There are 2 protein chains.
Amino acid sequence: MIPAELIKQKRNGHLLTKSELKQFIQGYVDSSIPDYQMAALLMAIYFQGMEPDEINSLVEVMIESGDRMDFTHLDKFVADKHSTGGVGDTVSLILGPLMAAANLAIPMLSGRSLGHTGGTLDKLESIPGFNVHLSLPEFSRIVEDIGICMIGQTEDICPADRKMYALRDVSGTIESIPLICGSIMSKKIAEGIQGLVLDVKFGTGAFMKDMEKAIELGNLLKAVGEGFGVKTDIVHSSMNQPLGQYAGIWCEVEEALSCLKGHGPTDTMAVTLELGARMLLQSGSVSSMEEGNTNLVSLIQNGSALSSFYDMVEAQGGNPIKCESPETLNRPQYETMINATRPGIIKSMDTYQIGLATVELGSGRKRSDDVVDPTSGIEFYAKIGDEVQVGSPIFRCFNSDKAKLEQASAILHRSVQIGSQPVSHQLFYTIKGE
Amino acid sequence: MIPAELIKQKRNGHLLTKSELKQFIQGYVDSSIPDYQMAALLMAIYFQGMEPDEINSLVEVMIESGDRMDFTHLDKFVADKHSTGGVGDTVSLILGPLMAAANLAIPMLSGRSLGHTGGTLDKLESIPGFNVHLSLPEFSRIVEDIGICMIGQTEDICPADRKMYALRDVSGTIESIPLICGSIMSKKIAEGIQGLVLDVKFGTGAFMKDMEKAIELGNLLKAVGEGFGVKTDIVHSSMNQPLGQYAGIWCEVEEALSCLKGHGPTDTMAVTLELGARMLLQSGSVSSMEEGNTNLVSLIQNGSALSSFYDMVEAQGGNPIKCESPETLNRPQYETMINATRPGIIKSMDTYQIGLATVELGSGRKRSDDVVDPTSGIEFYAKIGDEVQVGSPIFRCFNSDKAKLEQASAILHRSVQIGSQPVSHQLFYTIKGE
């Protein structure tokens, strides 16, 4: 295989065989194919796309680049969830422990803040002592013992994805449906799961702003998952406004704790229960979404879900007692209010800009070596459809770096449109016939 | 400027400003922007193209990355030619000295074998002692003294092009009209020329196989050249069959010497005179193509052109006396004949495959560190429209590596189609209205 010829083949719109993809990607992992050839291939894939067979081969090759976990010896349904990235989306922190309480096993590999979106690992690390860098055997043992463990991608799982993802981030090739699909599905399938629910976001704060693209991605993810024998369900939830009452680092952990105690915001709980009930349906332990919902609500009400969260914190080196008084941890030094400058009804929110404001505050990274500020975040006082007067609070933003606070606040001032007509916000997009 | 954002901008079809291109390309030259980001940008340009303004900026930025020569103190018209690459195209070796004999100054920066096409520098280096690595002051001095000097691209001229071209070659981004245009025109304009004739090839052995693309490239090259104040003419000559009687290394030098002595093949001489007469017209020394042609033919007949070639050889460290008996130099150890296997009329030649056969023989490179075999080449006994019998010779190929000779011969066997109808070959494509 001559790498430049293979790049030209894709550039000219021809299909790549599994053997060709394997040689190229294996060569990239072992560094015999340099970054620049992979970057050129990724851009050619961005423009020419990939056929379903090629995407399956891509996923297979990426899985085969590393280890594949195996939980078949467990007497539990093994499942996971994934979201395509959001602002204020703390669902993983709630759903993981909740599903463990429902007797599922959840081996969750999570990510860090990316672009304007938050990262589960960054939030978890704001819990004192919490360790997201475990070996695969430690990870497996915790999943087996308590049903949930949340770590970052290791060297052993999909090293091809790890290396390709870092390159896509700096070469302008993130927004490619086949590459997104390859990256998500290879990691998830390598976890050895039987079920998967995917929250493919749409709206102003989603990577796929366009509903058509979000549906296309959802269909593809489902087809790939099922091709690999994984029960796969797609939920499309809105990023036309942030999810929940907070977006940031520690404030999202606090929010997740409120949810696990039964005091969560309606939208965050609705997304969590929608994903969770689908997972229960996949496992066969319930026979309807309603039954799934009821079961999950009672696992929150009876404290099992919260206790499962504390078990996870303890197993991963954190101190659950500290989580019991979250208001004493990660206190911001500065805060500022953003108020309405005209009366009316909130017409739209630019969730992408709000996400950029969280990055500015310190909840995300502009460069891969930036350190996040665990005290940083935004509280939402008003959402789409809410009536406001001049001076009504819309955002409170906070962190421990005054200059960054001012920059974020300037972004937030521009992120909300106030109109005069009543409007409503649709949390889920349901595809006809489902 | 965030490099990944600029890549995305081009990827999404937006224009890049001169300042953006300058920052990106300067960053690439000084290595603050890595190969992988440039490779991604080049592939995005391949797909999205560039507007005329962007191409002008690209050419300007590439020129500004290095030195620009100046021959304005000379009392001569300073000009150059460029071909987009061919098989058996030895025109530069003839035209350079011929134009010097016509009292023009020709500061010619040439290239090496690329893909399936031959390289002027490789041919020149088969002349014992000939040095193509001169400093710019030495180069200028020889141009001033004898009117012609032919060297390779130096570190000082268009370093951006040098680095980008090497990357394009291995990243599948050669075949992009704006990038081809940027690469050619930046180097030529940096030579400080007043006139330029470009042979934009078409046909089976051209980089632009498609006539429409060749015309598009020609128009663009002309517009860019004239935008920079360089008189620019385009000739479209055919690569539907190799040019002349030979393709290879030393055999092409021998062929050039025959041409300079007045015994050249008709097609090679026709292309040489077409380009040369246009250059004379640009210089104002003649008032018609006919007058230009006549002048050039007499400069060959009276020995001035040949003597100009010998002057160049001597000035660049070679021994002109050795060139006087070319049949004693660079003798191949092996040769083999490829004969017709059916009777009929040669219908078509796959010049790309014939070019690959020259590479296989050793006249080109598969990897940038391959060493060429100066003895290697192919002699053409029949061309399109010629009648052949079973056993009639079509090719003689020769080199000093038996295994390679066999591989090349296998390629050549498949490169000719014999039919039964009379056909003709059109050497030039003339655009209507010209």
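Here the structure is a predicted model, which means the values were calculated and not measured. We name chains A, B, ... by the order of the sequence lines, and we start the count at 1 in each one.
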Seminar exercise, completed: Listed by number, the residues in residues 32-51 of chain B that come under 4.5 Å of chain A (heavy atom to heavy atom) are B/D35, B/Y36, B/Q37, B/A39, B/A40, B/M43, B/A44, B/Y46, B/F47, B/Q48

Exercise. In terms of heavy-atom contacts, does NZ of B/K209 have more than 12 from other residues, nucleotides or ligands at under 6.0 Å?
Worked result: yes

Exercise. Is chain A contacted by the side chain of B/I2, its backbone, both, or neither, given a heavy-atom distance below 4.5 Å?
Worked result: neither

Problem set entry | Residue pair A/V170 / B/A4: nearest heavy atoms and the distance that separates them | O-CB, 3.6 Å

For this session: Nearest 0.5 Å please: distance from the OG1 atom of B/T173 over to the CZ atom of A/R11.
Result: 8.0 Å

For this session: Evaluate whether atom CD of A/Q407 has more than 12 neighbouring non-hydrogen atoms of other residues, nucleotides or ligands under 6.0 angstrom away.
Result: yes

For this session: May I ask you to check whether over 12 heavy atoms, not counting those of B/D370, lie within 6.0 Å of atom CG?
Result: yes

Exercise. Side chain, backbone, both or neither: which part of A/L6 has a non-hydrogen atom closer than 4.5 Å to chain B?
Worked result: neither

For this session: Please check if atom NZ in B/K213 has more than 12 non-hydrogen atoms from other residues, nucleotides or ligands closer than 6.0 Å.
Result: no

Exercise. What residue in A/E5, A/K8, A/K10 has the most heavy-atom pairs under 4.5 Å with chain B?
Worked result: A/K8

Exercise. Measuring heavy-atom distances to chain B, does A/E175 have an atom under 4.5 Å in its side chain, in its backbone, in both, or in neither?
Worked result: both

For this session: Pick one of side chain, backbone, both or neither for A/N12, based on which atoms fall under 4.5 Å of a heavy atom in chain B.
Result: side chain

